[in-house]
Amino acid sequence: MRIGFRLLLGFFMIVAVAAYFVMNIFVQEVKPGVRRATEGMMVDTANLLAQIAEQDIRNRNLSQGHIAQAFLDINRTPIGAQIDHIVKNRMEYRVYITDSKGKVIFDSSGEALGQDYSRWNDVYLTLKGKYGARSTRIDPEDESTSVMYVAAPIKSSDGKIIGSLTVSKPNQTMQPVIRRSERRMEIAGGILLGIALVIGAGFVWWINRSISRLVRYASEVADGHAPTLPKMDSPELSTLARALESMRIKLEGKDYIEKYVHTLTHELKSPLAAIRGAAEILQEMPPKPVAQRFISNIQQQNERLQLLVDRMLQQAQVESRIRQELAPVDLAEVLHSVVAAKEAQITHRKIQLTSQIEAPVSVRGDKLLLEQAFSNLLDNALDFTPEGGEIAISGEFIDKHYRIIVADSGPGMPDYALDKVFDRFYSLPRPDKEKSTGLGLSFVREVASIHQGSIRLINGEQGGAKAIFILPVKEK
């Protein structure tokens, strides 16, 4: 299971459990809350009606009094009230009145008239001057048939309790309100979980994006590239990224030194052996022409060693640029200056050079490194092009990139060398001169990597070799 999905699942489970307990408490409190609110209203109603009932009892006109007349008239026409989309058409209160002994002397429903209610808590407690209320089921096995009863004392003018008035209301009539409230809470809970899921998904996407940057960075390093350290969105991930870069630099430095020591040792063996052999012969005092030849050989090998050291220092310098500061550079201007610098050599060897470069071509780069890279490519083409041959330099825009092609008319490259020409110290024999240091194309590859570009060599269809250098074009 991916870490992002684990984080999302864990976050969602925490929110879901917390929401479950919170919503469960709210839902469980809906029914008692509604009943407590209803009981409060019933207390007010009972006490109000008790005052009216006292007047009817005092006038000895209870059966025809104000309360009896009100209950006869109230349900003749629908009430027609809409309470939060719940329609109420009839009054749901039942009212009964007892005398001081608990005998029912009035019942709005007519069910209990004349019965003894003195043992019911609402009547019993009220007649004793206490708060009287009860909840009784019509069907003892069915909770939904419970009815709430709230009583108020009926007092005479001297404060003596002469009876009780009870207001009752079936709990079933409150179920629509309770169900609606519960349903709203369930919907709110679902919305809450949905929002939590979206927030969690956003959080996981943010984490995965940062981790993906580090993964891409590590993959590019593993592929031999020199990627720029990605910018992280949190201090912790930034610290991790810097630690990875530090580790990469140290590992590459160690590997770099080890390879250079081996390759440098290998490359120095041949000229040093030639110098040592020439020195041994010169110690024997050979004839002057022979001595002159070996002195000339020592000078050539010394120049080769000097060139090798210079190229290696140049290579090390470009490869050690971890974060090269790039600036806008006109690529056409760079190419023209490189060609102008080689004009004398081109003229001396009677080589025909054609250049087709679109101008201006703006890229982000290091002008000096680009000049050195293109100079190496042109030197490589001049080394393999025979006297009187042709070299063609062309450039074109391709999908936000600019492609430069340097094509020569030499013998081309053997197939076995196609995947080795960019290795350090790998060099093919020139037609009319010694092998090079093998660092020129390696240098070009490093410059291309620094500029987020690429370089490759292929054989041309009509012979010769083509160096294809691609750079990203600066966005306007």
Side-chain angles (χ1 to χ4, degrees), residues 31-83 86 88-140 145-175 177-178:
K31 186 181 292 185
V34 171
R35 290 185 178 179
R36 282 193 294 269
T38 303
E39 183 178 355
M41 291 185 292
M42 291 173 67
V43 169
D44 294 340
T45 303
N47 280 277
L48 178 63
L49 292 178
Q51 297 297 321
I52 300 174
E54 188 274 332
Q55 297 178 15
D56 290 343
I57 292 176
R58 187 172 63 243
N59 295 332
R60 299 181 184 278
N61 191 27
L62 186 61
S63 60
Q64 300 295 326
H66 295 89
I67 293 179
Q69 191 63 41
F71 276 97
L72 286 174
D73 296 339
I74 196 168
N75 286 325
R76 288 183 179 178
T77 57
I79 297 175
Q82 287 196 8
I83 306 172
I86 299 175
K88 179 179 176 67
N89 282 322
R90 58 187 299 276
M91 192 183 74
E92 294 151 348
Y93 282 153
R94 173 194 171 195
V95 175
Y96 59 80
I97 301 172
T98 69
D99 58 17
S100 59
K101 294 182 179 180
K103 181 180 179 180
V104 179
I105 57 177
F106 173 80
D107 186 350
S108 62
S109 67
E111 297 176 3
L113 191 61
Q115 295 183 18
D116 183 6
Y117 269 31
S118 61
R119 306 308 299 173
W120 291 109
N121 276 344
D122 57 317
V123 177
Y124 176 78
L125 294 173
T126 301
L127 292 178
K128 287 185 173 294
K130 301 179 181 179
Y131 173 60
R134 65 183 171 99
S135 180
T136 305
R137 296 180 183 180
I138 298 174
D139 181 355
T145 61
S146 64
V147 181
M148 293 176 61
Y149 296 86
V150 175
I154 301 174
K155 298 180 180 179
S156 62
S157 57
D158 57 1
K160 182 181 178 180
I161 297 176
I162 60 176
S164 69
L165 183 144
T166 297
V167 176
S168 68
K169 183 180 179 69
N171 285 325
Q172 186 66 32
T173 60
M174 293 177 277
Q175 281 303 113
V177 177
I178 294 173

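This chain uses plain numbering: 1 for the first residue, then up along the sequence. Quick caveat: nothing in here was measured; it's all calculated off a predicted structure.
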Please report the shortest heavy-atom distance between [X] and [Y], naming the atom on each side.
| X | Y | value |
| --- | --- | --- |
| A133 | N121 | O-CB, 3.9 Å |
| A151 | T126 | CB-OG1, 3.2 Å |
| G132 | L125 | CA-CB, 3.8 Å |
| I52 | H66 | CG2-CB, 3.8 Å |

Can you check side-chain contact (heavy atoms from CB on, under 4.5 Å) on Y131 and V43, steps first, answer last?
CA-CA 10 Å; Y131 173 60; V43 169; 3.4 Å; yes

In Å, rounded to the nearest 0.5 Å, how long is the span from [atom1] of [X] to [atom2] of [Y]?
| X | Y | atom1 | atom2 | value |
| --- | --- | --- | --- | --- |
| Q51 | L165 | CD | CG | 10.5 Å |
| K101 | L127 | NZ | CG | 12.0 Å |
| E54 | L49 | CD | CG | 13.5 Å |
| L62 | Q55 | CG | CD | 12.0 Å |
| K169 | M148 | NZ | CE | 9.5 Å |

Go through the steps for S168 and V95 under the test side-chain contact (heavy atoms from CB on, under 4.5 Å), then give the verdict.
CA-CA 6 Å; S168 68; V95 175; over 6 Å; no

Which class fits the ring pair Y149 and Y96: parallel under 30°, tilted 30 to 60°, perpendicular over 60°?
tilted

Do [Y] and [X] meet the salt-bridge criterion of a basic N to acidic O distance under 4.0 Å?
| X | Y | result |
| --- | --- | --- |
| E39 | R35 | no |
| D122 | R134 | yes |
| R94 | D107 | yes |

Side chain of T145, backbone of R137: donor and acceptor closer than 3.5 Å?
no

Short side-chain to backbone donor-acceptor contact, N59 and N61, under 3.5 Å
no

Show, in sequence, the C-alpha distance, side-chain angles and deciding distance for K155 and I162, and conclude whether the side-chain contact (heavy atoms from CB on, under 4.5 Å) test is met.
CA-CA 6 Å; K155 298 180 180 179; I162 60 176; 6.0 Å; no

How about Y124: does its OH atom have over 12 heavy atoms from other parts shown lying under 6.0 Å from it?
no

Is the CD atom of Q172 crowded by more than 12 outside heavy atoms at less than 6.0 Å?
yes

Please determine which of D99, I97, T98 meets the side-chain contact (heavy atoms from CB on, under 4.5 Å) test together with S164.
T98

Checking D56, I57, I67 against F106 for side-chain contact (heavy atoms from CB on, under 4.5 Å), the one that qualifies is I67

Stepwise, does the side-chain contact (heavy atoms from CB on, under 4.5 Å) test hold for N171 with V147?
CA-CA 5 Å; N171 285 325; V147 181; over 6 Å; no

